[in-house]
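Take a look at the structure set out below.
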Protein chains: 2
Amino acid sequence: MERTMDAGPDLAALAGAVGDATRIRMLELLMEGRSLVAKELAFGTGVSPATATVHLKRLEQARLIRSTRQGRNKVFRLATPTVARMVEALMTVAVRGPRASATPEPLRAARYCYDHLAGRLGMGITDALLRQGHLSLRRRAFALTPSGEDWFEAFGVDLAPVRDQRRQFAHRCLDWSERRDHLAGALGAALASRVFALGWVERQPDSRGLVVTSAGQRGLRRHFGAL
Amino acid sequence: MERTMDAGPDLAALAGAVGDATRIRMLELLMEGRSLVAKELAFGTGVSPATATVHLKRLEQARLIRSTRQGRNKVFRLATPTVARMVEALMTVAVRGPRASATPEPLRAARYCYDHLAGRLGMGITDALLRQGHLSLRRRAFALTPSGEDWFEAFGVDLAPVRDQRRQFAHRCLDWSERRDHLAGALGAALASRVFALGWVERQPDSRGLVVTSAGQRGLRRHFGAL
DNA sequence: GAAATGGTTCGTCATGGAACGAACGATGGA
DNA sequence: TCCATCGTTCGTTCCATGACGAACCATTTC
């Protein structure tokens, strides 16, 4: 199909890469947890390893995902937080009016969005941090206040390496299930893995989404009050 | 292709609708100006009217666009500002690193994003309004200050009907060419059409994007200082 | 080294769907 | 009333590509 050259970003190429049921499902899977190996992505999309290889290669060429070898495994993750934002925007549109309330309860309650906490849990924590003056609002991001620095360190998050990452520090991410934004970026990811390390949340076995443990209930209440 | 039911939004359906070169181009065209008739969209994508009909129907079924009959014409527009946000997010990702600076100058400078001003012009105006205290920042939106209300009325924007619209009043839209956000929503659209009505900007004949007229240069400087 | 596992490559198949031209219904203007 | 224009419908063609199994490397484990 010949066509005059397009000004601006090459949407057609991107749309081609995104516009396949299996590939978008892969991106969706990568939104939930940090990174997955090829086999998990094949299984998760219900497709043979051979087919998965092709799709993953295509996604990688489109710079939507990145891979690293680990032994005989190949682990994939979203290429950039910007990609996560894009997928999030797609999800926001994909939630149809009448079906909007059909978003499964566990997903509304707590889930990963890329590498940070989302759903009502992520939102609640973010709101609490704002209320307590540990975060403040900036145009496109949150800012960590002095009291916030103390709080994070006391919570067990070593901030130095978090600041050293090349990605945005405290990004604001818009959630498709709640339509409000929550803490993302390097700081959001660090917070999420700390909460995970504390055993406050656990990955749900086969479904997507997270469950808050009873220790988590207590801990969250102690730190953030009623969420 | 049988597959277990997906939790959450139906991304596959959406991805299918978006993932075609012609259809994404149509969405792109609808981002620039308010609304277009079927023929313009056919011509703009280099496709026959028959083919265009099929694509437009598909996009409409996916609720990405909406149409109304006007005489023997059928005019299309993006269904919701949320869709515009999604396309914008796609564009942001589609801008490749090395090619980033290859974004054509006129598009960087001034263009429509859906129905409001974007590019450096939209950003500059937004910044000026913030600096002058006519807008203030909220979490997901801008807020119009009391002085801002006066300013808009003096500028010739009747705010009452703008507030009555069902869409968000002063949304923050992230720009793919500048990677910063600018005034959108009902207020952004009203401002854009006022600026257009004043003859300060004109649609570029065949390219995309806008040009600032000499009257516009003067008017913008007078109201906003150096942009 | 052999066996097991993860991933890739290759060849093939089948299907979806994108495109067109032609014929048709509808609307508006002369 | 008649013509021009706009859009839709239909039938057809044809190509892209998504899927698989089998064979093939590479790495770890025993």
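Values below: every heavy atom of this structure, side chains too, minus hydrogens, waters and symmetry copies. Labels below follow one simple rule: chain letters A, B, ... track the order of the sequence lines, proteins then strands, and each chain is numbered from 1.
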Pick out the pairs of N or O atoms, protein on one side and nucleotides 11-16 of chain C on the other, that lie under 3.5 Å.
none

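- B/Val54 comes within 4.0 angstrom of no nucleic acid atom, judged by non-hydrogen atoms across all strands.
- Taking the charged nitrogens against the carboxylate oxygens, A/Asp158 and A/Arg194 have no contact shorter than 4.0 Å, which rules out a salt bridge.
- The side chain of A/His55 contributes no N or O atom lying less than 4.0 Å from OP1 or OP2 of D/dT17.
- With A/Leu59 as reference, A/Leu64 is the one residue of A/Leu41, A/Leu64, A/Val18 to meet the side chain to side chain contact (heavy atoms under 4.5 Å, CB included) rule.
- Under the 4.5 Å side-chain criterion, counting only non-hydrogen atoms from C-beta, B/Ser214 is in contact with B/Arg218.
- For A/Ala38, the listed nucleotide lying nearest its side chain is C/dG7; candidates were D/dG7, C/dG7, C/dA18.
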| query | For nucleotides 21-30 of chain D, read 5' to 3', which letter fits each nucleotide if B means a protein heavy atom sits under 4.0 Å from the base, S means only the sugar-phosphate is that close, and - means neither? | reply | B-----BB--
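- Not one side-chain nitrogen or oxygen of B/Thr53 sits closer than 4.0 Å to the OP1 or OP2 atom of D/dT9.
- Between B/Lys74 and D/dT8, a side-chain N or O to OP1/OP2 separation shorter than 4.0 Å is present.
- Rounded to whole Å, atom P of D/dA4 lies 14 Å from atom NZ of B/Lys39.
- Comparing atom distances between the B/Val47 side chain and each of D/dT9, C/dA19, D/dG18 picks out C/dA19 as nearest.
- B/Arg23 places its CZ atom 12 Å from the C1' atom of C/dA19, with the value rounded to the nearest Å.
- A cation-pi geometry, defined here as NZ or CZ lying under 6.0 Å from the six-membered ring centre and within 45° of its normal, holds between A/Arg163 and A/Phe169.
- When the side-chain contact (heavy atoms from CB on, under 4.5 Å) test is applied to B/Ala190, the partners found at least two apart in sequence or on another chain are B/Val157, B/Val162.
- Salt-bridge annotation for B/Arg111 and B/Glu88: present, with a side-chain N of the basic residue lying under 4.0 Å from a carboxylate O of the acidic one.
- OP1 and OP2 of D/dG18 both lie 4.0 Å or more from every side-chain N or O belonging to A/Thr22.
- Residues A/Lys39 and A/Pro49 fail the side-chain proximity criterion, which asks for heavy atoms closer than 4.5 Å.
- Under the 30°/60° scheme for interplanar angles, the aromatic rings of A/Phe155 and A/Trp200 are found to stand perpendicular.
- Protein atom CE of A/Met26 is 12 Å distant from nucleotide atom C1' of D/dA19, rounded to whole Å.
- Regarding B/Arg25, its CZ atom lies at a distance of 13 Å from the P atom of C/dA19, rounded to whole Å.
- B/Glu60 has no carboxylate O lying under 4.0 Å from a charged side-chain N of B/Arg23, or vice versa, which leaves the two without a salt bridge.
- The listed nucleotides are C/dT8, D/dT9, D/dT8; the one nearest the side chain of B/Pro49 is D/dT8.
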